[in-house]
There are 2 protein chains.
Amino acid sequence: MSDQHSTLRAQRRAETQRVIQAHAVRLFTERGYDATTVTDVAEAAGVSPMTVYRHFPTKEDLVLVDQHGRLVAERIVASSAAQPLVRRIGGALVDSAATLTRGARGDDVEAGERFLLARLRLMISTPALRARHLDNHYALQRAIVDALGNDATDPEAAFHAQVAASACLAAMHTALVRWAEDDGRTELPDVIAKALAAAFGDDIVEPTGGVGTSESAGRAERR
Amino acid sequence: MSDQHSTLRAQRRAETQRVIQAHAVRLFTERGYDATTVTDVAEAAGVSPMTVYRHFPTKEDLVLVDQHGRLVAERIVASSAAQPLVRRIGGALVDSAATLTRGARGDDVEAGERFLLARLRLMISTPALRARHLDNHYALQRAIVDALGNDATDPEAAFHAQVAASACLAAMHTALVRWAEDDGRTELPDVIAKALAAAFGDDIVEPTGGVGTSESAGRAERR
DNA sequence: ACCAATCTGGTAGTCACTACCAGTCCGGTA
DNA sequence: TACCGGACTGGTAGTGACTACCAGATTGGT
């Protein structure tokens with residue numbers, strides 16, 4: 001069956017992607033993003049420049065690959081529609097961050113978080129990466145609005161959802177920057193929750209609300 | 001005096017910039033951003049490609065030039081520090097938008113608004129422009145935080161200011177998109193105010209700021 | 001008339017990125 | 001086992017944004 005077939009292929013493909021990306025982030029961190037050419041990355045990874053472009057459509061994608069969006073959207077649709085918008089979105093962002101900082105990269109949590117931090121630092125300090133990263137947030141905003149599932153007939157409600165989503169994402173981004181500045185010593189979900197509270201008021205962030213994600217049970221005994 | 005000297009030079013310089021930018025936005029709108037080369041813009045403006053690069057460091061800057069930041073910062077420092085953060089920032093954004101939609105481009109208000117709309121549409125629909133525009137917001141965020149003038153010793157207060165600024169800017173951006181979708185038929189400051197109210201609650205936007213831009217004041221007709 | 005600063009233009013080069021084409025590997029089939 | 005179709009990979013030759021480096025032209029002030 002092409003099923004098994006494709007999973008085998010997909011594994012190899014994912015592995016080469018991982019190797020290329022690892023070398024890319026390392027080189028970018030060592031020499032700087034602009035000072036490193038795609039050819040440099042290809043040589044370090046032992047492939048041709050063509051292969052790099054096959055796996056990553058642009059140089060920026062070597063740092064920016066992100067499955068964050070899917071995670072957030074899933075948690076949004078799972079959230080109770082009775083809650084206020086900001087709480088639904090904020091809860092999904094906090095939970096997704098908890099998942100990301102944990103199982104980011106295979107088994108080794110430590111290495112996964114270091115890798116995430118390295119990518120984040122690049123995204124923050126390199127203008128081109130920062131710009132594309134913020135644009136990804138823009139796409140994520142649309143995904144969130146879709147996941148909220150409000151009827152699209154009411155333009156006022158749609159506008160409200162757009163505003164809530166963009167403001168929440170902006171707060172999260174600020175939290176990410178703060179987290180990176182702290183070298184990841186603090187707990188990312190907590191920082192995000194604090195940012196949301198700072199923006200929308202302390203009452204908007206509820207630790208164990210109607211969001212039935214089991215991950216949230218394991219973390220953050222504070223509050 | 002080098003004063004008069006420089007102002008004369010600056011006038012010529014500003015004029016050529018204006019011409020180049022006008023042709024650029026026109027061509028980008030007609031043929032699309034990616035399908036238009038810098039050489040095309042240069043030919044249309046009657047200058048060499050080199051001259052274009054002298055005035056606009058990147059192709060994106062042909063659309064993105066923005067003095068918006070300075071306006072907002074000025075209004076922030078002029079605002080009362082007693083008000084809550086979000087109100088100070090939001091008020092500055094609304095007022096700046098009112099200034100921009102009015103005196104954007106010389107004498108002709110109509111043309112100025114059309115030009116602003118054309119640029120905005122490009123910024124929203126073209127990925128590269130959208131990304132850089134959002135990154136400009138990131139720089140504007142820092143400017144706002146600086147203008148707020150909170151003491152930098154307290155990291156908590158600084159974080160709070162960062163979050164408030166980024167969330168306000170995100171709400172404003174959503175309002176800009178909405179305004180562009182409406183082809184500028186609505187009043188931009190009102191849309192921004194509505195977005196801020198949607199994000200932070202109706203009570204946060206107060207028309208009592210003294211500046212005459214508010215949805216309650218019935219300035220339905222321009223002029 | 002002369003000087004100095006600025007504006008403008010040309011040439012050559014780097015680099016990201018894109019077709020277009022060819023070789024290679026690999027799982028399943030006659 | 002020999003073969004075939006679909007992938008992954010690689011090379012070549014471009015385009016286009018952008019950047020030195022250099023040379024002529026214009027302009028404002030002495």
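- Between the CZ atom of F56(A) and the P atom of dT9(D) there is a distance of 11 Å, given to the nearest Å.
- In this structure, H55(B) reaches the dT8(C) phosphate: one of its side-chain N or O atoms is under 4.0 Å from OP1 or OP2.
- Evaluation of the side-chain contact (heavy atoms from CB on, under 4.5 Å) rule for P155(A) yields R178(B) as partners, not counting sequence neighbours.
- Listed by chain and number, the residues in a ring-ring contact (aromatic ring centres under 6.0 Å, His included) with Y53(B) amount to none (sequence neighbours excluded).
- Ring planes of F200(A) and F200(B): parallel class, angle under 30° (limits at 30 and 60°).
- The distance between atom CZ of F28(B) and atom C1' of dA17(D), rounded to the nearest whole Å, is 12 Å.
- Under the 4.0 Å criterion applied to side-chain N and carboxylate O atoms, D183(B) and R121(B) are assigned as salt-bridge partners.
- The pair R130(B)-D135(B) does not meet the salt-bridge criterion, since no charged nitrogen lies less than 4.0 angstrom from a carboxylate oxygen.
- Using a 30° and 60° split on the angle between ring planes, H173(A) and Y138(B) fall in the perpendicular class, above 60°.
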Notebook entry, point to check: How does each nucleotide of nucleotides 11-24 of chain C score, in 5' to 3' order, for protein heavy atoms under 4.0 Å: base (B), sugar-phosphate only (S), or none (-)?
Noted result: B---SSBSB-----
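- Phosphate contact (OP1/OP2 of dA7(D), side-chain N/O of R13(A), threshold under 4.0 Å): absent.
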